[in-house]
Peer 1: 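A single structure is presented below for examination.
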Amino acid sequence: MPRRASPGTRPLDPDAVHGSKLVQQIINKVMIGGKKSTAEKIVYDALEIVSRRAGSDPVEALEASVKSLTPTLEVRSRRVGGATYQVPVEVPSRRARTLAVRWLTEFSRGRREKTMAERLAGELLDAQSQQGGAYRRKEDIYRMAQANKAFAHYRW
């Protein structure tokens with residue numbers, strides 16, 4: 001048991017252009033080496049590409065993409081006796097959104113487009129149409145949770 005209370009979460013300020021906390025969260029996740037202005041340029045360019053291709057508001061398209069990537073179930077390892085079971089548990093909303101943003105940026109970096117803005121835009125559009133690497137990861141985790149439903153009684 002920790003001796004003190006758990007540290008509080010720092011509030012996330014909305015971004016300057018769109019006034020959205022989700023956009024700011026993605027900027028922070030895209031950022032490498034503290035280069036926030038570069039990350040902002042990448043994300044804003046990606047949102048511009050998405051709005052051009054989808055023909056809708058970029059922030060709404062981003063929210064739709066993240067919503068389609070948000071997991072509902074995941075598996076956690078639970079040791080009972082000598083065996084380790086993969087126990088399906090519901091994902092808290094804060095963690096679910098964080099996982100969606102993490103998968104979005106992770107699979108964007110692995111794509112083959114030329115610039116990071118194009119990669120991020122491609123992954124966002126793929127997520128809306130329920131394809132792409134990040135959506136596949138969500139589906140795999142959900143499938144694993146469904147397969148291990150028999151161990152749900154080990155939930156803690």
Side-chain angles (χ1 to χ4, degrees), residues 2 4-77 86-149 155:
R4 299 204 250 163
S6 62
T9 56
R10 288 175 47 203
L12 187 67
D13 296 330
D15 76 301
V17 175
H18 299 288
S20 168
K21 291 186 177 187
L22 178 60
V23 174
Q24 187 64 51
Q25 189 177 2
I26 289 177
I27 288 170
N28 290 343
K29 204 64 184 168
V30 167
M31 179 171 56
I32 297 176
K35 297 184 178 246
K36 192 160 204 161
S37 58
T38 305
E40 285 175 346
K41 183 167 176 19
I42 288 169
V43 172
Y44 292 144
D45 288 350
L47 289 176
E48 177 65 34
I49 293 169
V50 166
S51 70
R52 232 181 306 123
R53 287 190 197 163
S56 63
D57 181 50
V59 178
E60 288 176 11
L62 176 67
E63 287 174 357
S65 297
V66 170
K67 190 172 184 175
S68 73
L69 293 177
T70 303
T72 54
L73 290 174
E74 70 177 342
V75 291
R76 312 283 306 251
S77 294
Q86 297 289 321
V87 180
V89 293
E90 289 184 15
V91 186
S93 62
R94 184 177 171 86
R95 175 167 166 76
R97 188 166 170 167
T98 303
L99 283 173
V101 171
R102 183 183 304 160
W103 295 337
L104 184 67
T105 56
E106 178 185 326
F107 285 99
S108 296
R109 289 198 175 103
R111 288 175 71 99
R112 302 234 173 185
E113 283 94 344
K114 193 163 188 165
T115 65
M116 183 58 191
E118 291 172 4
R119 294 174 189 171
L120 186 59
E123 196 64 39
L124 284 169
L125 291 169
D126 281 353
Q128 277 183 334
S129 59
Q130 298 184 345
Q131 30 183 255
Y135 191 79
R136 210 170 314 118
R137 167 74 60 90
K138 175 200 165 191
E139 288 295 309
D140 289 346
I141 286 179
Y142 185 78
R143 220 174 297 116
M144 194 182 307
Q146 290 297 322
N148 291 318
K149 206 189 288 186
R155 206 175 302 161

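Scope of the values below: all heavy atoms of this structure, side chains included, with no hydrogens, waters or symmetry mates.
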Peer 1: Give the C-alpha distance, both sets of side-chain angles, the deciding distance and a yes or no for side-chain hydrogen bond (donor to acceptor under 3.5 Å, both in side chains) between Ser77 and Gln86.
Peer 2: CA-CA 5 Å; Ser77 294; Gln86 297 289 321; 3.1 Å; yes
Peer 1: To the nearest 0.5 Å, what is the distance between CG on Leu120 and OG on Ser65?
Peer 2: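 Here the interatomic distance stands at 9.5 Å.
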Peer 1: Check this for me, if you would: do Arg136 and Asp140 make a salt bridge, where the nitrogen-to-carboxylate-oxygen distance has to be below 4.0 angstrom?
Peer 2: no
Peer 1: Using side-chain heavy atoms (C-beta onward) and a distance below 4.5 Å, is Leu99 in contact with Ile141?
Peer 2: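 Leu99 does not reach Ile141 side chain to side chain.
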Peer 1: Might you point out which heavy atoms bring Lys138 and Pro71 nearest each other, and give the distance in Å?
Peer 2: CG-CA, 4.3 Å
Peer 1: Output the distance between atom CD (Gln128) and atom CZ (Arg53), rounded to the nearest 0.5 Å.
Peer 2: 11.5 Å
Peer 1: If you look at every heavy atom in Gln24 and Asp13, which pair is closest and at what distance?
Peer 2: CG-O, 3.1 Å
Peer 1: Is there a side-chain contact between Arg94 and Thr9 (heavy atoms, below 4.5 Å)?
Peer 2: yes
Peer 1: Roughly how far, to the nearest 0.5 Å, is the OH atom of Tyr135 from the CG atom of Leu104?
Peer 2: 14.5 Å
Peer 1: Would you say the side chain of Leu62 lies within less than 4.5 Å of the side chain of Val50, judging by non-hydrogen atoms?
Peer 2: no
Peer 1: Starting at CG of Asn148, measure out to CG of Leu73 and round the result to the nearest 0.5 Å.
Peer 2: 11.0 Å
Peer 1: Less than 4.5 Å apart, any side-chain heavy atom of Val30 and any of Thr38?
Peer 2: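 Result no, sub-4.5 Å side-chain heavy-atom pair not found.
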Peer 1: Are the side chains of Gln146 and Tyr142 in touch, meaning some heavy atoms are under 4.5 Å apart?
Peer 2: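 They are in contact (side-chain heavy atoms under 4.5 Å apart), so the answer is yes.
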Peer 1: Return the CZ to CD distance between Arg102 and Gln25, rounded to the nearest 0.5 Å.
Peer 2: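 Going from the CZ atom of Arg102 to the CD atom of Gln25 covers 10.0 Å.
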Peer 1: Quick one: does any side-chain atom of Ser68 pair with a main-chain N or O of Ala127 as donor and acceptor, under 3.5 Å?
Peer 2: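 Between the backbone of Ala127 and the side chain of Ser68 there is a qualifying donor-acceptor contact (under 3.5 Å).
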Peer 1: Rounded to the nearest 0.5 Å, how far apart are CG of Leu69 and CG of Leu124?
Peer 2: 8.0 Å
Peer 1: Side chains of Asp15 and Tyr44, heavy atoms from C-beta outward: is any pair under 4.5 Å?
Peer 2: yes
Peer 1: Check Glu106, Glu123, Glu118 against Arg111 for a salt bridge (charged side-chain N to carboxylate O under 4.0 Å, His left out) and give me the one that passes.
Peer 2: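 For Arg111, the salt bridge (charged side-chain N to carboxylate O under 4.0 Å, His left out) test succeeds with only one of Glu106, Glu123, Glu118, which is Glu123.
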Peer 1: Measure across Ala121 and Ala46 and return the closest heavy-atom pair with its distance rounded to 0.1 Å.
Peer 2: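 For Ala121 and Ala46, the tightest heavy-atom pair comes out as CB-O, 3.7 Å.
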Peer 1: Would you name the heavy atoms of Ala117 and Ile42 that are closest together and state the gap between them?
Peer 2: CB-O, 3.6 Å
Peer 1: Could you tell me if the side chain of Lys36 sits less than 4.5 Å from the side chain of Asn28, heavy atoms only?
Peer 2: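 Side chain of Asn28 against side chain of Lys36, heavy atoms only: contact under 4.5 Å found.
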Peer 1: For residues Met116 and Ser108, report the shortest heavy-atom separation together with the two atoms involved.
Peer 2: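 Smallest heavy-atom distance, with atoms named: CE-CB, 3.8 Å.
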